[in-house]
Structures are given as C-alpha cells and as structure tokens.
Amino acid sequence: LTWTPIKEFREILFTQSGGIAKISINRPQVHNAFTPLTVQEMIEAMHICRDRTDIGVVILTGEGGKAFCSGGDQSVRGHGGYVGDDAMPRLNVLDLQKLIRSIPKPVVAMVAGWAIGGGHVLHVVCDLSIAADNARFGQTGPNVGSFDGGFGASYLARVVGQKKAREIWFLCDQYDAQEALDMGLVNKVVPLDKLEETTVAWCNKILEKSPLALRMLKSSFNAELDGQAGIQELAGNATLLYYLSEEAKEGKNAFLEKRKPDFSKYPKFP
Ligand code: 1HA
C-alpha cells in the first residue's frame with residue numbers, strides 16, 4: 001500500500017491512499033507525546049479531511065510501532081497548559097477531541113504500543129479502535145498532576161461502564177490489548193505486523209458504504225451524548241438532506257423570483 005503525502009507538517013505525517021487519509025503523530029522519540037504544535041497540525045489535517053470529498057475515512061495513529069500517543073508532552077507543560085513557540089499555555093487537544101467526534105466521516109484509531117494519558121483519550125474519542133497485540137492502554141493523570149474530566153471521563157464511562165472507567169482513572173493501571181478488547185475499549189486485536197493491513201481492510205469496507213448513511217449514523221450516535229451540540233449536528237444533517245429536496249428548493253426559488261412559494265404539490269406524509 002502506498003501513502004501519498006497530502007501536506008507537509010513538522011510534527012505529524014499526513015498522507016492518503018485512495019479514500020483513506022492517515023494522520024500520524026511523528027514524535028516516536030517521546031512515544032508520540034503531543035505539543036500544542038502537534039495538536040494544531042492534527043486539527044488542520046482533520047479540517048482538510050472534512051473538506052476533501054475524495055476522503056471517506058480517517059486513520060489516526062502514531063509513528064514507530066512502539067506508541068500510538070503518550071499524551072501531552074510533559075517537557076513543555078507550563079503554567080496553565082502546554083506551551084508552544086508563542087509562549088501561550090494551551091489545552092488545544094480538547095478542540096481536537098471535539099473535531100474527531102464531529103467530523104462527519106468515521107475516524108479509526110490504529111493503536112500500536114502505548115496509548116496513555118491524553119493519548120489514550122484520543123483513541124477513546126475515535127469511532128473505532130484497532131489494536132496491535134503490543135498495545136497498552138491507561139490513564140496517568142492522577143500520577144502526573146492532570147485529569148481529563150470531559151470526554152476522557154464521561155465518554156470513557158459510556159464505552160467501558162462506570163466501574164471500569166473509575167478504576168482506570170483512580171488506579172492508573174495499564175491494560176494490555178486483550179484486556180482492552182474484553183472491556184469493549186477496542187474493536188479488534190491483531191498481530192503488530194497485521195495492524196495496518198487490517199485497519200485498511202476495515203476502512204475499505206467502510207468506504208463501500210453509503211456516505212450519507214454513515215454521516216447520519218455518526219451524528220445519531222453523538223446526539224444523545226452531546227446534548228444541544230449533538231442535536232445541532234444531527235439537525236444540521238437533516239437540513240442538508242432537506243436542502244437536497246425539490247420542496248426546499250421551491251422555497252428558495254420563490255424568494256429569488258419574488259413570488260409566493262407553492263408548496264401544494266409536496267406530500268404531507270403520515
Ligand atoms: O491529561 C491531559 C489533559 C487533560 C485535560 C486537557 C488537556 C490535557 C492534555 C494532556 C493531558 C495528558 O496527556 S496528562 C498525561 C501525560 N502523559 C503521561 O503521563 C505519560 C508519560 N509517559 C509514561 O508514563 C511512560 O513514558 C510510558 C508508560 C508511556 C512508557 O514507558 P517506557 O516504555 O518506560 O518509556 P519511557 O522511557 O518512559 O519513555 C521513552 C521516552 O519518551 C523518554 O524520554 P527519554 O528518557 O528517552 O529522553 C520519556 O521521557 C519520553 N516520554 C514518554 N512520554 C512522554 C515523554 N516525554 C514527554 N511527555 C510524555 N508524555
């Protein structure tokens with residue numbers, strides 16, 4: 001399989017193969033810990049994936065085979081957040097989490113090695129997670145003076161249940177791939193040398209499906225959990241579909257033609 005670069009970045013690789021885009025954190029020397037720049041680049045790549053009509057599914061991963069992501073880079077953690085070149089403390093990974101959940105295309109976490117701390121939360125918020133047999137999962141916040149009480153707590157609890165989520169955060173233990181599979185934290189475990197092949201096979205299956213159906217389903221899964229923002233997403237898709245109809249176009253055309261709209265021929269379904 002060949003991956004063609006979409007755009008050059010400093011701390012991530014952003015490539016494409018057919019309808020699949022791959023966003024890969026490229027800081028293997030620190031187990032793919034993220035800085036504000038890493039996150040900013042991932043956000044930009046995600047926006048490109050959203051806009052590009054030839055991309056139907058996104059793989060999120062990390063380079064090197066030893067780590068998916070080890071969370072925020074503790075060496076740039078400053079007073080109030082993670083600090084980049086502009087000297088501003090940021091927690092911009094929270095924006096990335098929201099984007100992963102709201103982009104209307106499936107995002108698949110491809111996890112080899114460590115998925116730890118804020119890196120663990122990143123795989124949790126992905127639609128699907130495929131793990132290599134060397135994957136290890138866990139939260140570290142209470143060890144290193146941090147916590148993610150947003151999706152990192154509430155969505156994790158939706159995924160693995162309240163008791164298990166509290167155990168994960170209160171004990172900060174690490175779990176292997178089989179344990180992750182058993183608790184429903186990942187969808188599948190495969191040998192490391194089959195990880196990309198399997199993930200791509202899953203993505204290709206997804207790409208054969210109706211993109212609008214997938215879009216509606218993703219926002220439907222989100223709707224209940226995300227309150228008004230979730231309903232907004234689902235309703236936005238309803239508006240998209242309505243705009244495609246002759247009935248809605250009659251309203252726009254009548255306005256532009258300065259006449260009264262005639263909706264009489266459109267059915268009033270039971
Ligand atoms: O909680 C949040 C947030 C919450 C709300 C809003 C925003 C948030 C944003 C971020 C976060 C967080 O991510 S907090 C949690 C931060 N991450 C961690 O606490 C994990 C730190 N790393 C480890 O515990 C271990 O490295 C490991 C269990 C993943 C792997 O251990 P191992 O195999 O023994 O490797 P190790 O030797 O520790 O790591 C290899 C190299 O990578 C080391 O550097 P070296 O000594 O070779 O120079 C290590 O320092 C570096 N490294 C690993 N993880 C990080 C890191 N350097 C900086 N930051 C890291 N997270």
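Counting starts at 1 for both ligands and their atoms, following the listed order.
- When distances from atom 43 (C) of ligand 1 to the protein are checked, no heavy atom turns up under 4.0 Å.
- Counted by atom type alone, Ser219 and Glu233 present zero donor-acceptor pairs between their side chains at under 3.5 Å.
- At the shortest separation from atom 41 (C) of ligand 1 among protein heavy atoms lies Gln29 O, 3.6 Å.
- The closest side-chain donor-acceptor pair between Asp148 and Gln139, if any, does not fall under 3.5 angstrom.
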With side-chain contact (heavy atoms from CB on, under 4.5 Å) as the test, would you mind laying out the steps for Leu212 and Leu241 before giving the verdict?
-> CA-CA 9 Å; Leu212 265 177; Leu241 292 174; 3.7 Å; yes
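- With ligand atoms numbered from 1 in the order given, ligand 1 contributes 9 (C), 10 (C), 11 (C), 12 (C), 14 (S) to contacts under 4.0 Å with heavy atoms of Tyr82.
- Here Glu224 pairs with Arg158 in a salt bridge; the nearest charged N to carboxylate O distance falls below 4.0 Å.
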What's the verdict on salt bridge (Lys or Arg N to Asp or Glu O under 4.0 Å) for Lys164 and Glu167, showing C-alpha distance, side-chain angles and the deciding distance?
-> CA-CA 5 Å; Lys164 205 70 198 178; Glu167 173 192 314; 3.3 Å; yes
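- Of all protein heavy atoms, the one lying nearest to atom 1 (O) of ligand 1 is Ser146 OG, 2.6 Å.
- The shortest contact between atom 51 (C) of ligand 1 and any protein heavy atom is with Val30 CA, 3.8 Å.
- Centroid-to-centroid, the aromatic rings of Phe137 and His123 come within less than 6.0 Å.
- Between the choices Gly117, Gly72, Ser70, Gly71, the shortest heavy-atom distance to atom 17 (N) of ligand 1 belongs to Ser70.
- Protein heavy atoms all stay at least 4.0 Å away from atom 38 (O) of ligand 1.
- Annotation: atom 58 (C) of ligand 1 to nearest protein heavy atom, Asp73 OD1, 3.3 Å.
- Across Phe68, Phe34, Trp114, heavy-atom proximity to atom 29 (C) of ligand 1 is greatest for Trp114.
- Protein heavy atoms all stay at least 4.0 Å away from atom 49 (C) of ligand 1.
- The closest donor-acceptor contact from the side chain of Trp114 to the backbone of Gly138 lies at 3.5 Å or more, if one exists at all.
- Under the 4.0 Å distance rule, the nearest protein heavy atom to atom 34 (O) of ligand 1 falls outside the cut-off.
- Here atom 28 (C) of ligand 1 lies nearest to Gln174 when heavy atoms of His120, Gln174, Arg27 are compared.
- In summary, the side chains of Arg101 and Gln97 do not present any donor paired with an acceptor at a separation below 3.5 Å, with no hydrogens or angles considered.
- Geometric assessment of Arg27 against the ring of Phe34 yields a negative cation-pi assignment under the 6.0 Å and 45° thresholds.
- Of all protein heavy atoms, the one closest to atom 23 (C) of ligand 1 is Ile116 CG2, 4.9 Å.
- Residue-to-ligand polar distances place Gly118 within reach of ligand 1: an N/O pair is separated by less than 3.5 Å.
- Within ligand 1, counting atoms from 1 as listed, the ones closer than 4.0 Å to a heavy atom of Val144 are 15 (C), 19 (O).
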Please table the atom pairs, donor to acceptor, closer than 3.5 Å between any side-chain atom in residues 53-63 and protein atoms at least two apart or in another chain.
{"unit_1": "Asp54", "atom_1": "OD1", "unit_2": "Arg52", "atom_2": "NE", "d": "2.9"}
{"unit_1": "Asp54", "atom_1": "OD2", "unit_2": "Gln16", "atom_2": "NE2", "d": "3.0"}
{"unit_1": "Asp54", "atom_1": "OD2", "unit_2": "Arg52", "atom_2": "NH2", "d": "3.2"}
{"unit_1": "Thr61", "atom_1": "OG1", "unit_2": "Met110", "atom_2": "O", "d": "2.8"}
{"unit_1": "Glu63", "atom_1": "OE2", "unit_2": "Ser24", "atom_2": "OG", "d": "2.6"}

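- Close approach to Ala33 involves these atoms of ligand 1, each under 4.0 Å from a residue heavy atom: 59 (N), 60 (C), 61 (N).
- Side chains of Tyr266 and Glu246: no donor on one and acceptor on the other come within 3.5 Å.
- In this structure, Glu250 pairs ionically with Arg259, as a charged nitrogen and a carboxylate oxygen lie closer than 4.0 Å.
- Figure legend: cation-pi geometry between Lys22 and Trp3, with NZ or CZ positioned under 6.0 Å from the six-membered ring centre and within 45° of its axis.
- The protein heavy atom nearest to atom 25 (C) of ligand 1 is His31 CD2, 4.8 Å.
- Between Gln74 and ligand 1, a contact under 3.5 Å exists for at least one N or O pair.
- The shortest contact between atom 8 (C) of ligand 1 and any protein heavy atom is with Val93 CG1, 4.0 Å.
- Residue contacts with ligand 1 for Leu94 involve side-chain atoms from C-beta outward but no N, CA, C or O (heavy atoms, distance under 4.0 Å).
- Between Thr140 and ligand 1, at least one N/O pair is under 3.5 Å apart.
- Distance check on atom 6 (C) of ligand 1: some protein heavy atom falls below the 4.0 Å cut-off.
- Looking from atom 4 (C) of ligand 1 to the surrounding protein, the closest heavy atom is Phe147 O, 3.1 Å.
- The main-chain N or O of Glu11 is found under 3.5 Å from a side-chain atom of Glu41 such that the two form a donor-acceptor pair.
- For atom 13 (O) of ligand 1, the nearest protein heavy atom lies under 4.0 Å away.
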